[in-house]
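A short worksheet on the structure shown next.
Order of listing sets the numbers, starting from 1, for every ligand and every atom in it.
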Amino acid sequence: MKSGFVAVVGRANAGKSTLVNVIVGEKVAIVSPKPQTTRDRITAIYNGENSQIAFVDTPGLYKAESLLNSVMQKRAQDTVSEVDVVLFVIDAHNGLSDTDRSLVKKYISSGVPLIIALTKTDIMPESLLISELKELGEENAEIVPVSARKNRNIKELLKVIESKLPEGEKLFGDDVISDRSSKFMISEIMREKILLKFDKEIPHGVAIIINKFALRPDGKVYDVSLDIVCEKSNHKAILIGKNGSALKEVSSFARTDMEKFLGKKVFLTVYVKVKEDWRNSANSLKEFGYGEND
Ligand SMILES: Nc1nc2c(ncn2[C@@H]2O[C@H](COP(=O)(O)OP(=O)(O)OP(=O)(O)O)[C@@H](O)[C@H]2O)c(=O)[nH]1
Ligand SMILES: [Mg+2]
């Protein structure tokens with residue numbers, strides 16, 4: 001059987017996490033229309049008939065503007081050197097950027113097998129980009145047009161990945177879907193709802209701290225208590241909204257998804273706190289758990 005690790009890399013908002021979720025058939029990574037949704041790598045396991053593939057979803061590539069951004073970028077770059085295959089995701093709708101071009105060349109010269117998934121082909125025909133991509137690296141990279149949203153060509157993509165993986169034993173148990181804990185997923189669900197509701201300046205400055213995550217003795221209800229940490233007091237006011245209406249709305253959406261994910265009722269308590277410029281504080285990043293998971 002084939003087994004190994006695949007780094008899923010590409011520009012922010014390219015559709016990496018959506019593709020990983022579709023491949024493993026579960027929502028292991030949050031998704032939003034805003035760039036910089038994924039902040040740390042998440043490994044998701046696909047079990048095929050004759051393969052086991054560990055997909056390492058990474059934060060999207062872009063210019064680092066804060067210490068948090070640099071940590072995220074480093075995570076994505078480090079991942080590439082630790083895997084069997086690089087899956088480079090390009091948004092067909094957005095076209096090729098200079099960064100994409102130089103990354104394709106860089107991956108090719110690093111010698112790691114490279115597969116380019118040209119995604120979002122449901123909203124943009126891939127043909128426009130294929131010829132340019134072929135010029136860049138046809139002999140050294142496989143190019144597979146896909147649509148995660150329409151589940152198009154995903155099986156073909158998996159076949160191409162399998163063909164590049166070494167023979168090996170299973171690396172994870174059959175029932176493992178992700179390397180991340182339920183507690184992590186709970187905090188990500190909260191962050192996703194904030195990403196979806198507020199303009200990007202706010203979610204980009206938000207961290208979620210879970211203070212309590214416990215199943216009651218009756219086994220039916222989880223008590224979850226968390227802090228939404230933001231960077232400015234005016235952000236706090238926006239997050240809370242008039243008479244708490246905004247916070248009530250995002251909390252309610254988050255609770256529904258948490259209950260779906262945990263398969264139990266959730267009693268959710270949410271506080272909003274301010275910690276100025278936490279994204280540039282090494283101590284805060286450590287305290288909030290960024291860049292620590294391996
Ligand atoms: N039309 C279309 N939209 C897609 C597809 N895949 C992803 N999207 C959308 O693209 C946006 C970004 O998707 P994500 O999966 O969060 O992208 P990402 O590359 O993980 O982004 P970062 O984590 O910020 O780097 C979301 O609004 C998705 O719904 C697709 O195949 N077709
Ligand atoms: Mg992502």
Side-chain angles (χ1 to χ4, degrees), residues 6-44 55-66 68-80 86-97 99-100 103 115-126 128-129 143-158 178-180 184-185 187-189 191-208 257 279 290-291 293:
V6 176
V8 184
V9 295
R11 269 155 73 193
N13 210 42
K16 300 176 292 299
S17 300
T18 310
L19 185 58
V20 169
N21 289 341
V22 166
I23 288 172
V24 300
E26 294 264 349
K27 185 161 174 180
V28 292
I30 60 165
V31 164
S32 91
K34 299 192 178 74
Q36 309 181 23
T37 296
T38 304
R39 282 189 176 162
D40 207 344
R41 57 185 177 194
I42 299 170
T43 302
F55 288 90
V56 188
D57 187 18
T58 64
L61 301 163
Y62 48 84
K63 208 170 107 251
E65 284 156 3
S66 64
L68 171 64
N69 285 167
S70 320
V71 169
M72 288 158 65
Q73 297 302 290
K74 190 166 179 308
R75 294 300 269 182
Q77 280 151 17
D78 288 351
T79 305
V80 170
V86 170
L87 179 62
F88 188 40
V89 180
I90 294 180
D91 178 345
H93 178 249
N94 239 329
L96 278 184
S97 70
T99 316
D100 292 329
L103 281 170
I115 299 167
I116 299 172
L118 203 50
T119 192
K120 306 194 192 179
T121 57
D122 52 300
I123 48 170
M124 179 60 99
E126 70 271 17
L128 297 171
L129 290 180
I143 304 162
V144 187
V146 299
S147 162
R149 186 167 286 176
K150 299 272 183 213
N151 216 323
R152 178 180 163 221
N153 244 11
I154 304 297
K155 280 203 186 105
E156 288 70 12
L157 176 63
L158 282 164
S178 153
D179 68 332
R180 293 302 197 136
F184 172 81
M185 281 311 298
S187 71
E188 288 288 271
I189 289 169
R191 205 162 59 76
E192 182 185 64
K193 301 311 164 204
I194 294 169
L195 271 156
L196 294 174
K197 169 141 180 95
F198 298 98
D199 284 342
K200 71 173 182 224
E201 201 197 338
I202 291 178
H204 286 168
V206 154
I208 309 296
D257 271 20
R279 278 185 288 174
Y290 286 113
N293 177 270

Exercise for the section: May I ask you to decide whether Lys120 forms a salt bridge with Asp91, counting only side-chain N to carboxylate O separations under 4.0 Å? Expected result: yes
Practice task
Determine whether the side chain, the backbone, both or neither of Thr119 has a heavy atom under 4.0 Å from any heavy atom of ligand 1.
Solution key: side chain
Exercise for the section: Look only at interatomic distance and state if Thr37 has a nitrogen or oxygen under 3.5 Å from any nitrogen or oxygen of ligand 1. Expected result: yes
Practice task
Might you work through the side chain to side chain donor-acceptor pair (under 3.5 Å) test for Arg152 and Thr121, ending with a clear yes or no?
Solution key: CA-CA 9 Å; Arg152 178 180 163 221; Thr121 57; 2.8 Å; yes
Completion exercise
So the atoms of ligand 1 within less than 4.0 Å of a heavy atom of Ser147 turn out to be 31 (O)
Problem - Beyond-backbone contact of Val86 with Val9, side-chain heavy atoms, under 4.5 angstrom - result: yes
Completion exercise
atom 28 (C) of ligand 1: of Val31, Val22, Asn151, Val8, the nearest heavy atom sits on Val31
Problem - Subset of ligand 1 atoms that lie under 4.0 Å from at least one heavy atom of Ser32 - result: 11 (C), 12 (C), 13 (O), 16 (O), 26 (C), 27 (O)
Practice task
Enumerate the atoms of ligand 1 whose separation from the nearest heavy atom of Gly60 is less than 4.0 angstrom.
Solution key: 25 (O)
Exercise for the section: Answer yes if the side chains of Thr79 and Thr58 hold a donor-acceptor pair under 3.5 Å, and no otherwise. Expected result: no
Fill in the blank from the handout: heavy-atom search around atom 29 (O) of ligand 1 in the protein gives Arg149 NH2, 2.9 Å
Exercise for the section: Heavy-atom contacts with Ile123 under 4.0 Å: which atoms of ligand 1 show up? List them by number with element. Expected result: 1 (N)
Problem - atom 14 (P) of ligand 1 [closest protein heavy-atom partner, distance rounded to 0.1 Å] - result: Thr18 OG1, 3.5 Å
Exercise for the section: Identify which of Arg11, Lys120, Arg152 has a heavy atom lying nearest to atom 8 (N) of ligand 1. Expected result: Lys120
Exercise for the section: State, to 0.1 Å, how close Ala44 and Val24 come at their nearest heavy-atom pair, and which atoms those are. Expected result: CB-CG1, 3.8 Å
Exercise for the section: Compare all side-chain heavy atoms of Asp40 with those of Met72 and state whether any distance is below 4.5 angstrom. Expected result: no
Practice task
Identify, for atom 25 (O) of ligand 1, the protein heavy atom at the shortest distance, and state residue, atom and that distance.
Solution key: Lys16 NZ, 2.8 Å
Problem - Expected output: side-chain Arg180 to main-chain Ala29 donor-acceptor under 3.5 Å - result: no
Exercise for the section: Please examine the side chains of Leu19 and Phe55, heavy atoms only from C-beta on, and report whether any two atoms are closer than 4.5 Å. Expected result: no
Practice task
Drop me the distance from Leu157's CG to Ile23's CD1, to the nearest 0.5 angstrom.
Solution key: 5.0 Å
Fill in the blank from the handout: For Gly15, the ligand 1 atoms with a heavy-atom partner under 4.0 Å come out as 7 (C), 13 (O), 14 (P), 15 (O), 17 (O), 18 (P), 19 (O)
Exercise for the section: Applying side chain to side chain donor-acceptor pair (under 3.5 Å), run through Arg149 and Thr18 and close with a yes or a no. Expected result: CA-CA 8 Å; Arg149 186 167 286 176; Thr18 310; over 6 Å; no
Exercise for the section: Mark up the atoms of ligand 1 that fall under 4.0 Å of a heavy atom belonging to Pro35, in ascending order. Expected result: 24 (O)
Problem - Ala148, any N or O under 3.5 Å of ligand 1 N or O - result: yes
Practice task
State, with a plain yes or no, whether a side-chain heavy atom of Val56 is found less than 4.5 Å away from one of Val8.
Solution key: no
Fill in the blank from the handout: Taken to the nearest 0.5 Å, the spacing of His93 NE2 from Ile123 CD1 works out to 4.5 Å
Handout entry: Nearest-0.5 Å distance that lies between atom CD1 in Ile202 and atom NZ in Lys197
Key = 10.5 Å
Practice task
Could you tell me whether Glu192 and Lys27 have a side-chain N and a carboxylate O separated by less than 4.0 Å?
Solution key: yes
Exercise for the section: Hey, could you give me the CZ/CG distance between Arg39 and Leu68, rounded to the nearest 0.5 Å? Expected result: 5.5 Å
Exercise for the section: Under 4.0 Å from a heavy atom of Gln36: give me the atoms of ligand 1 that qualify, with their elements. Expected result: 24 (O)
Practice task
Pull up every protein N/O/S atom sitting under 2.8 Å from the Mg ion (ligand 2), skipping waters.
Solution key: Ser17 OG, Thr38 OG1
Completion exercise
Here the atoms of ligand 1 under 4.0 Å from any heavy atom belonging to Asn13 are 11 (C), 12 (C), 17 (O), 18 (P), 19 (O), 21 (O), 22 (P), 24 (O), 25 (O)
Handout entry: Residue, atom name and distance, where the atom is the protein heavy atom closest to atom 27 (O) of ligand 1
Key = Pro33 CA, 3.3 Å
Practice task
Compute the shortest N/O to N/O distance between Asp122 and ligand 1 and return yes if it is under 3.5 Å, no if not.
Solution key: yes
